Amino acid sequence: MPSQWSTSLRNLAWNKEFIMKSYYIKDIFDKMEVGQIVEILGWVASKRNMGKIVFLDLADSTGKIQATVSKGIDSNIFLKARELAPESSVRVEGVVKKLRKSKEIEVKVIELICDASPHVVPQPRSSFDIFDKKLVDLILTKRHLYLRNERLMAVLKFRHKLIEIFREWFRKEGFIEIHAPILTQLPLYDDDTLFSLDFFGERIFLTQCVAFYLESAVCAFEKVYNINPSFRAEKSRGKRYLAEFWHIKAEIAFADFNDIIAFTEGMISYVIRRIRAESKDELKILKVDIEESRLTKTPYPRITYDEALNSLKAMNTIKEWGKSLSDMDVSSLSKAFDTPFWVTGNPRRIEAFPYKIDPSNTQLTKTADLIATEGFGELLGVAEKIWQRNELLERMKEKGKDSDERYRWYLELRQFGSIPHSGFGMGIERLIRWLLRLGHVRDAIPFPRLFRRHPNP
RNA sequence: UCCCCGGUAGCUCAACCGGUAGUAGCGGGUGGCUGUUAACCACUAGGUUGCAGGUUCGAGUCCUGCCCGGGGAGCCA
C-alpha cells in the first residue's frame with residue numbers, strides 16, 4: 001500500500017520497476033538543498049534506537065548520511081526502522097534537513113529491499129579496523145561481504161585510480177597496450193612455481209610473466225605494455241606474496257639499461273604526484289600521507305650489487321657473493337635512503353635467462369631492482385634484454401633451456417630483424433602496499449590468492 | 001619446502017599443576033529511553049572445546065597423526 005509520499009515521489013521520477021539512481025548520497029551533501037525531497041537506495045550502515053526516535057546511518061558507494069525516523073510521524077515506519085538489521089539494503093524517501101553544519105534526512109518512507117540478519121560481525125560499514133591482525137582469517141573468509149568496508153573500499157578505489165594513471169602515462173608516452181595470452185607454454189622460472197592446466201590434452205601453464213610476448217610486440221610497435229595478472233606457485237608466506245598478482249610489464253625498443261632506469265623513474269614520480277592529488281579522499285580515510293616531494297626526488301640513488309653486499313657487511317650481515325638479496329637485506333639497505341633506490345647488476349647466476357650479461361663484468365647482468373623506502377622491499381625490476389641469437393642461446397644452455405622446443409619461437413625473434421630493447425616489470429599490489437603503508441599485499445587486491453589458503457571466496 | 005604459534009559461544013578471547021567450560025567484551029533476544037553517531041542502561045539465551053586415535057579414575061589442558069589458519073625463513077614482482 002503506497003503512501004502519499006511514495007506515490008508522489010514515484011510520479012516525480014521513479015515510474016518503473018527497476019530503478020537506476022540519478023543521484024547518490026554524496027550529491028545530497030554537494031547539490032541538494034534543505035527541504036528537498038530525496039530518495040536513497042543503499043544500505044543501513046548502522047542504527048541507534050532511542051525511545052521515540054531511530055537514527056539510521058544510510059550508506060551507498062559514495063558515502064554515509066544520517067537519517068532520523070520519529071515515532072510521531074508514522075508508527076509503522078518507526079517500528080520497521082527499529083527492527084532493521086545493519087547492512088540491510090533499503091529504499092528510503094525523506095526530506096533533507098539541516099544538521100549543524102551538515103545535513104541529515106528526515107525519513108518519510110522505508111522499504112526493506114533485502115534483510116541482512118543474522119548479522120555480519122563486525123559490521124563491514126562500522127569503523128572497526130579492517131586490517132586488525134586478529135581478524136585476518138575472518139575478513140578473508142568473508143571477503144565478499146567486507147568489500148563494503150569503508151577502508152577496504154578506499155584501498156580499492158586507490159588501486160583503480162592508480163591503474164588509470166599508469167594507463168594515461170603509457171598513452172602519453174606513445175605506448176600501445178598489447179593483450180598477451182595468460183595460457184602459455186613458456187615458464188620464466190622453474191616448473192615447480194607454475195600453475196599447470198590441461199589444454200585439450202596438453203599440459204600448459206598460467207603465465208608467470210608476459211615478457212616473451214611483449215618482446216615479440218616490441219619489434220613491431222617499439223613501445224608496448226601489458227597489465228594483467230601473473231601467476232606464481234611459489235610456496236611463499238610473506239607479506240609481499242600473492243599467487244595471483246597484477247603485473248605491469250613494458251618493453252621499449254632501442255632502449256638500453258640507463259634508458260629504462262630513467263624511464264621508470266619518470267613514471268614512478270609522475271604516478272606518485274598524480275595519485276596523491278587524485279586520491280585525497282581515500283588517503284584521508286586511510287590516514288596516509290604520501291610524502292610527494294621526498295619520494296619523487298629523481299634520479300633515485302643507485303648502488304651496485306657489490307656495494308650492497310659491502311653495506312650489509314658493515315651492518316654485520318655477511319652475504320655470500322652470488323646470492324640474491326633477501327627482503328631483510330633490502331630492508332636494512334633502505335635505512336640509508338629517504339627515497340627509493342636502485343640495486344644494479346644482479347649476478348648472472350640468480351637472474352633469468354633473457355637478461356643481458358654485462359660486457360664489462362660477465363658475472364653480472366644488466367638488471368636493476370628499485371627498492372622502496374622504509375623496508376617495504378622491491379617495487380619493480382628493469383632489465384636490458386638479450387637481442388642477439390648466439391648470446392641468448394648461450395644463456396639458455398646455461399639454464400638448461402636450449403633444447404626446449406617451446407622456446408624456439410622466442411629464439412626466432414633474435415633471428416629475423418631483432419632489435420635491442422629493455423623492459424620492466426612491476427607488481428601493482430606491492431606498489432599499493434608501499435604507498436598506502438599496508439601490512440600485507442593481500443589487502444591491495446579484492447580477492448587475494450594466497451599460498452596455504454583456500455581460494456574462496 | 002623448513003621453523004615457530006594457534007583452533008573453546010555467531011565474532012574476539014578466558015579457563016592454574018589434568019578435576020568436568022566464562023557474571024567476559026562485541027553480536028543476538030526482551031524491556032527502557034526524542035538527538036544519538038561503533039549510543040546507553042537492565043535482564044536473558046547461547047558450547048559434541050577443528051577431526052581421529054592414545055595415555056588417564058578423569059583430557060579444552062598431555063601424546064601421535066591429520067585438517068584448517070596465522071607469523072617467519074627461503075624464493076620472487
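To find a chain, count down the sequence lines: A is the first, B the second, and so on, and within it residues start at 1. Hydrogens, waters and symmetry mates are skipped; everything else that's a heavy atom, side chains included, is used. The model shown is predicted, which means the values in this text are computed figures rather than measured ones.
Taking atom C1' on both nucleotides, B/C26 is separated from B/C13 by 11 Å, rounded to a whole Å.
Comparing B/C76, B/A77, B/G74 against the side chain of A/Ser324 picks out B/C76 as the nearest. Proximity note for A/Asp327 (side chain, C-beta onward) versus B/C76, B/U36, B/A38: the nearest is B/C76. For A/Lys134, taking side-chain heavy atoms from C-beta onward, the closest of the listed nucleotides B/G35, B/A73, B/U12 is B/U12. The A/His454 side chain lies nearest to B/G69 when the options are B/C76, B/U36, B/G69. If you check B/G70, B/C75, B/A77 against the side chain of A/Arg442, the one that comes closest is B/G70. The listed nucleotides are B/A38, B/U36, B/G69; the one nearest the side chain of A/Gln66 is B/U36. Side-chain atoms of A/Met50 lie closest to B/U36 of the nucleotides B/U36, B/A77, B/C11. For A/Ser127, taking side-chain heavy atoms from C-beta onward, the closest of the listed nucleotides B/G71, B/A77, B/A38 is B/A38.
A/Lys323 comes within 4.0 angstrom of no nucleic acid atom, judged by non-hydrogen atoms across all strands. Using a 4.0 Å heavy-atom distance criterion, A/Val136 is classed as a sugar-phosphate-only contact. Looking at heavy-atom distances under 4.0 Å, A/Ile350 makes contact with sugar-phosphate atoms alone, never a base. Across all strands shown, A/Phe451 has heavy atoms under 4.0 Å from base atoms, whether or not it also approaches the sugar-phosphate. Residue A/Ile248 is out of contact with every strand shown, counting any heavy-atom pair closer than 4.0 Å. At a threshold of 4.0 angstrom between heavy atoms, the contacts of A/Glu104 include nucleobase atoms, whether or not backbone atoms are also involved. Across all strands, A/Arg240 comes closer than 4.0 Å to base atoms (heavy-atom distances).
Using modelled atom types, one finds a donor on one side chain and an acceptor on the other under 3.5 Å when comparing A/Tyr213 with A/Thr184.
The minimum heavy-atom distance between A/Leu435 and A/Ile290, with the atom names listed, is O-CG1, 3.8 Å.
Contact check, A/Arg48 against B/U36: no side-chain N or O comes under 4.0 Å of OP1 or OP2. Phosphate contact (OP1/OP2 of B/C76, side-chain N/O of A/Ser236, threshold under 4.0 Å): absent. Contact annotation: A/Arg82 side-chain N/O to B/U30 OP1/OP2 distance is not under 4.0 Å. For A/Thr141, no side-chain nitrogen or oxygen approaches OP1 or OP2 of B/G69 to under 4.0 Å. Distances shorter than 4.0 Å separate none of the side-chain N or O atoms of A/Arg237 from OP1 or OP2 on B/C75.
Nearest-nucleotide positions on RNA chain B for A/Asp137 and A/Asn49 put A/Asn49 closer to the 5' end. Both A/His247 and A/Ser326 lie close to RNA chain B; mapped to their nearest nucleotides by heavy-atom distance, the more 5′-ward contact belongs to A/Ser326.
A straight line from CG of A/Asn456 to P of B/G69 spans 10 Å, rounded to a whole angstrom. The distance between atom CD1 of A/Ile432 and atom P of B/A77, rounded to the nearest whole Å, is 18 Å. Going from atom CD of A/Glu87 over to atom P of B/G28 covers 12 Å, rounded to whole Å. When the C1' atom of B/C75 is taken as reference, atom CG of A/Asp369 falls 13 Å away, rounded to whole Å. The CG-P distance, from A/Leu325 to B/A73, rounds to 14 Å in whole Å. Rounded to an integer number of Å, the gap from A/Glu106 CD to B/U34 C1' is 12 Å. A straight line from CG of A/Leu380 to C1' of B/A77 spans 9 Å, rounded to a whole angstrom.
Interface remark: the A/Arg232 side chain does form a donor-acceptor pair with the B/A77 base, using a distance-only criterion of under 3.5 Å. One can find a donor-acceptor pair under 3.5 Å joining the base of B/C76 and the side-chain atoms of A/Arg430. Contact of A/Tyr189 with B/C76 (side chain to base): no donor-acceptor pair of N or O atoms is detected under 3.5 Å.
Here the side chain of A/Arg91 pairs no donor or acceptor atom with the backbone of A/Leu112 at under 3.5 angstrom.
Using a 4.0 Å cut-off between a side-chain N of Lys or Arg and a carboxylate O of Asp or Glu, A/Glu93 and A/Lys108 do not qualify as a salt bridge. The pair A/Lys385-A/Glu251 meets the salt-bridge criterion, with a side-chain N (NZ, NE, NH1 or NH2) lying under 4.0 Å from an Asp/Glu carboxylate O.
For B/C40, the paired nucleotide is B/G32, the pair qualifying as Watson-Crick or G-U wobble because both relevant distances are below 3.5 Å. The partner of B/A52 is B/U64, by the rule that a Watson-Crick or G-U pair needs both atom distances under 3.5 Å.
Counting heavy atoms from C-beta outward, A/Pro340 and A/Trp434 have side chains that approach closer than 4.5 Å.
The aromatic rings of A/Phe231 and A/Phe195 stand perpendicular to each other, their planes meeting at an angle above 60°, with 30° marking the opposite boundary.
Here A/Phe128 does not count as stacked on B/A38, because the ring centres are not under 5.5 angstrom apart with planes under 30°.
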